[in-house]
2 protein chains.
Amino acid sequence: MNQNNINIEEYGIYDGISETIFTTGTDSPNAAPMGLIRKGDRIQIRLFKGSQTYENVVNEKCLVANVIIDPVVFARSTFTNLYDEEFDTVSVNNRKYPFLKKALSYVIFECSDIRYTKNTLVADVLPLYACINRNVIKAPNRGFNAVLDALIHATRYRVFDNEKYLNIVYELSNTVKKCGGSKENRAMEILYDYLNIEH
Amino acid sequence: MNQNNINIEEYGIYDGISETIFTTGTDSPNAAPMGLIRKGDRIQIRLFKGSQTYENVVNEKCLVANVIIDPVVFARSTFTNLYDEEFDTVSVNNRKYPFLKKALSYVIFECSDIRYTKNTLVADVLPLYACINRNVIKAPNRGFNAVLDALIHATRYRVFDNEKYLNIVYELSNTVKKCGGSKENRAMEILYDYLNIEH
């Protein structure tokens, strides 16, 4: 538990690294897939310089972690921003926070301690407010899992321009074809379009 | 939609292969992880001869697909049966069906058509009844995904006794250590115990 008595497991945040989508920026909301690192009661974030999320967290010292299970939203928010209509806002203590309408749940976090290195920001974060937004059940799908992994390797391919990441993406696409549904396959199409590669 | 007007997406079954746990056997319930293969309105199962699930489906022509997000339940039901206390039963049309208390949702399916090959059974299945049992939210976790994959490769290792599957398990265990939480790590301990291997 924490100072606001929020049991964040109720909102989907268990120990380990939760693959969530951070929404940040009060005036012009931004969404990007980011990991929330939880060990017991301690929750941390690690952001790389250059992203809009990084800029917003530096300026506002807060973020919203959205629990999303739609692979298409993960794919789109990896490569581009989402549409304004996909965001909503919630007011807490006279301050507005953006969240995603599609989120099953979201948790507003405030940074309690931020350390900067040359290229990253690592912060301890504390939950300020949490909300269950929608109840959607989805059975585990290995295609969905492969999409998440493929998006991570696609990002590495864009940053490091190393073919090995692209080969991993191609391998993972076999799992998506075999096990995924229409949303997982759509997510891979988005990935290929943004990488501008054949498939 | 189907003859019973059940929208199975509400119960977590989307297109592609859903990784569910089948419960079968009216008198002595059995649980085992199995894929539910959905293409549009058509849902199929594919079972290998030799499993208790296979025997029960041959005898009873029905099964219950449980949507489970607990990696420990996946691990335990891969290698052994669950405890009797973990099952509950539901009566539909004067017949009792077993389901898992931990299931977020479950769908009872009846086989409409069963084809046998030498080692497998492939059946079309139709939903008879569906229930949302618990609302639990969990953010995607790459460690959880790695556990599911590791269980599949561990099973292949036991069947084929080929070291290559064991090496995949070891690789996946790195992702579990990095991204998983206590439940994912517990699931890997169970896997190693049943394979009786060092780690």
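In what follows, chains carry the letters A, B, and so on, assigned in the order in which the sequence lines appear, proteins first and then strands, with residues in each chain numbered from 1.
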Of all the residues in [range], which have a heavy atom that comes within less than 4.5 Å of a heavy atom in chain A?
range                       : value
residues 144-151 of chain B : Phe144(B), Asn145(B), Leu148(B), Asp149(B)
residues 82-95 of chain B   : none
residues 96-105 of chain B  : Leu104(B), Ser105(B)
residues 176-191 of chain B : Lys178(B), Cys179(B), Gly180(B), Gly181(B), Ser182(B)

Atom group of Ile152(B) that falls short of 4.5 Å from chain A, counting heavy atoms: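 Answer is side chain: those atoms of Ile152(B) sit under 4.5 Å from chain A.
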Co-membership, hydrophobic cluster, residues [X] and [Y], 4.5 Å side-chain:
X         : Y         : answer
Phe48(A)  : Tyr116(A) : no
Tyr194(A) : Val72(A)  : yes
Val107(A) : Phe74(A)  : no
Val159(B) : Val169(B) : yes
Phe79(B)  : Tyr165(B) : yes

Pairwise distance CG(Asp70(B)) to OH(Tyr14(A)) - rounded to 0.5 angstrom: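 Those atoms lie 9.0 Å apart.
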Chain A contacts, top residue of Ser18(B), Gly143(B), Ala65(B), Pro140(B) (heavy-atom pairs, under 4.5 Å):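 Greatest number of close heavy-atom pairs with chain A: Pro140(B).
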So which heavy atom on [X] is nearest to which on [Y], and how close?
X        : Y         : answer
Thr20(A) : Ala139(B) : CG2-CB, 4.2 Å
Ile17(B) : Asn141(A) : O-ND2, 3.3 Å
Tyr11(B) : Ile137(A) : O-CG2, 4.0 Å

